[in-house]
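The block underneath contains the structure these notes are about, expressed in structure tokens.
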Amino acid sequence: MDHDEEGGAVVVDGLLEALAGASSSSWAGRARAGNVLASFAGVPEAATALVGLLLDVQNTAVTRQTAEALVRAGTVAAVEVLARAVAGAGDSHGDWIQTGVHDAVAEGAGTMDLLVLCQRLAWAPEAAIRQGAAELRTWVESTGG
């Protein structure tokens with residue numbers, strides 16, 4: 001196996017391990033999985049797991065930390081996952097997702113990039129993504145972004 005193949009194998013192993021961690025009985029394990037999976041938000045299996053972590057029914061720390069990680073990832077796929085979860089979230093989860101977004105913005109995550117990505121998703125084919133992106137944009141703007 002040459003170096004490039006080895007690097008790819010490590011990435012795949014990391015993705016598979018994080019996907020397994022997303023269903024951990026430990027809230028800390030699920031939160032770790034959310035942090036790792038945020039960089040894989042464009043992979044359908046990771047995106048599905050991330051929405052599940054954002055809507056975690058056992059511990060809101062998982063929700064908050066996963067939201068932070070997705071904002072820090074700063075990709076359109078990461079913001080799309082956030083938007084999809086926001087659209088499907090009840091008030092409690094919505095509040096914790098919002099807190100995670102605000103935490104990431106306060107820590108210096110790219111506010112303007114996040115606003116641009118939310119605006120881009122305003123034209124997404126899926127209504128839930130458009131709705132969630134509009135809500136995210138409102139949250140970011142309310143932080144002074």
Side-chain angles (χ1 to χ4, degrees), residues 1-122 124-126 128-140 143 145:
M1 180 179 291
D2 71 21
H3 186 68
D4 288 338
E5 287 174 355
E6 189 173 304
V10 170
V11 169
V12 169
D13 287 347
L15 172 59
L16 294 174
E17 185 177 315
L19 285 169
S23 58
S24 171
S25 60
S26 158
W27 76 265
R30 292 191 311 281
R32 263 192 310 279
N35 280 301
V36 172
L37 289 172
S39 63
F40 294 103
V43 176
E45 296 85 353
T48 299
L50 284 161
V51 170
L53 292 167
L54 287 165
L55 303 176
D56 190 279
V57 296
Q58 297 176 38
N59 196 302
T60 55
V62 175
T63 300
R64 183 178 182 172
Q65 290 181 27
T66 301
E68 269 188 77
L70 286 163
V71 172
R72 285 193 311 268
T75 63
V76 70
V79 177
E80 186 175 300
V81 166
L82 270 171
R84 183 174 282 117
V86 167
D91 289 343
S92 177
H93 278 96
D95 288 347
W96 285 108
I97 294 170
Q98 182 177 16
T99 300
V101 169
H102 283 174
D103 288 350
V105 168
E107 293 169 5
T111 304
M112 290 308 296
D113 292 341
L114 185 53
L115 289 171
V116 167
L117 292 172
C118 287
Q119 184 60 36
R120 181 172 168 187
L121 292 175
E126 190 178 326
I129 292 173
R130 293 192 305 270
Q131 173 192 343
E135 187 72 18
L136 280 167
R137 185 178 173 100
T138 300
W139 294 346
V140 174
T143 65

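All heavy atoms count here, side chains included; hydrogens, waters and symmetry mates do not. Residue numbers start at 1 and run along the sequence shown.
The distance from the CZ atom of Arg30 to the OG atom of Ser25 is 7.5 Å, given to the nearest 0.5 Å. Atoms CG and CH2, from Asn59 and Trp96 in turn, are 9.5 Å apart once rounded to the nearest 0.5 Å. The distance from atom CD of Glu126 to atom CZ of Arg84, rounded to the nearest 0.5 Å, is 4.0 Å. Here the CD atom belonging to Glu80 is positioned 3.5 Å from the CD1 atom belonging to Ile129, to the nearest 0.5 angstrom. The distance from atom CG of Asp103 to atom CD of Gln98, rounded to the nearest 0.5 Å, is 10.5 Å. Between atom CG of residue Asp56 and atom CZ of residue Arg64 there is a gap of 14.5 Å, rounded to the nearest 0.5 Å.
In this structure, Ala33 and Leu53 approach most closely via the heavy-atom pair C-CD1, 4.2 Å. Of all heavy-atom pairs spanning Ala69 and Gly34, the tightest one is CB-O, 4.0 Å. The shortest heavy-atom contact between Leu37 and Ala46 is CD2-CB, 4.0 Å. When every heavy atom of Ala85 is checked against every heavy atom of Leu55, the shortest pair comes out as O-CD2, 3.8 Å. Taking each heavy atom of Ala87 and Ala128 in turn, the nearest pair found is CB-O, 3.2 Å. What you find for Ala133 and Ala83 is that their closest heavy atoms are N-CB, 3.5 Å.
Using a distance-only test at 3.5 Å, with no hydrogens or angles considered, no donor-acceptor pair links the side chain of Arg130 to the main chain of Leu121. Checking side-chain atoms of Ser23 against main-chain N and O of Leu19 turns up no donor-acceptor pair under 3.5 Å. A distance-only check finds no donor-acceptor pair linking the side chain of Thr60 to the backbone of Thr63 [under 3.5 Å].
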Next item on the list: I would like to know whether Val62 and Leu54 meet side chain to side chain contact (heavy atoms under 4.5 Å, CB included); could you show each step before the answer?
Entry: CA-CA 7 Å; Val62 175; Leu54 287 165; over 6 Å; no

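Residues Arg72 and Asn35 form a side-chain contact, since some pair of their non-hydrogen atoms from C-beta on lies under 4.5 Å apart. No side-chain heavy atom of Leu114 sits under 4.5 Å from any side-chain heavy atom of Leu136. Side-chain contact between Val81 and Val51: present, with at least one pair of heavy atoms (C-beta onward) separated by less than 4.5 Å. When side chains are defined from C-beta on, Trp139 counts as touching Ile97, because their heavy atoms get closer than 4.5 Å.
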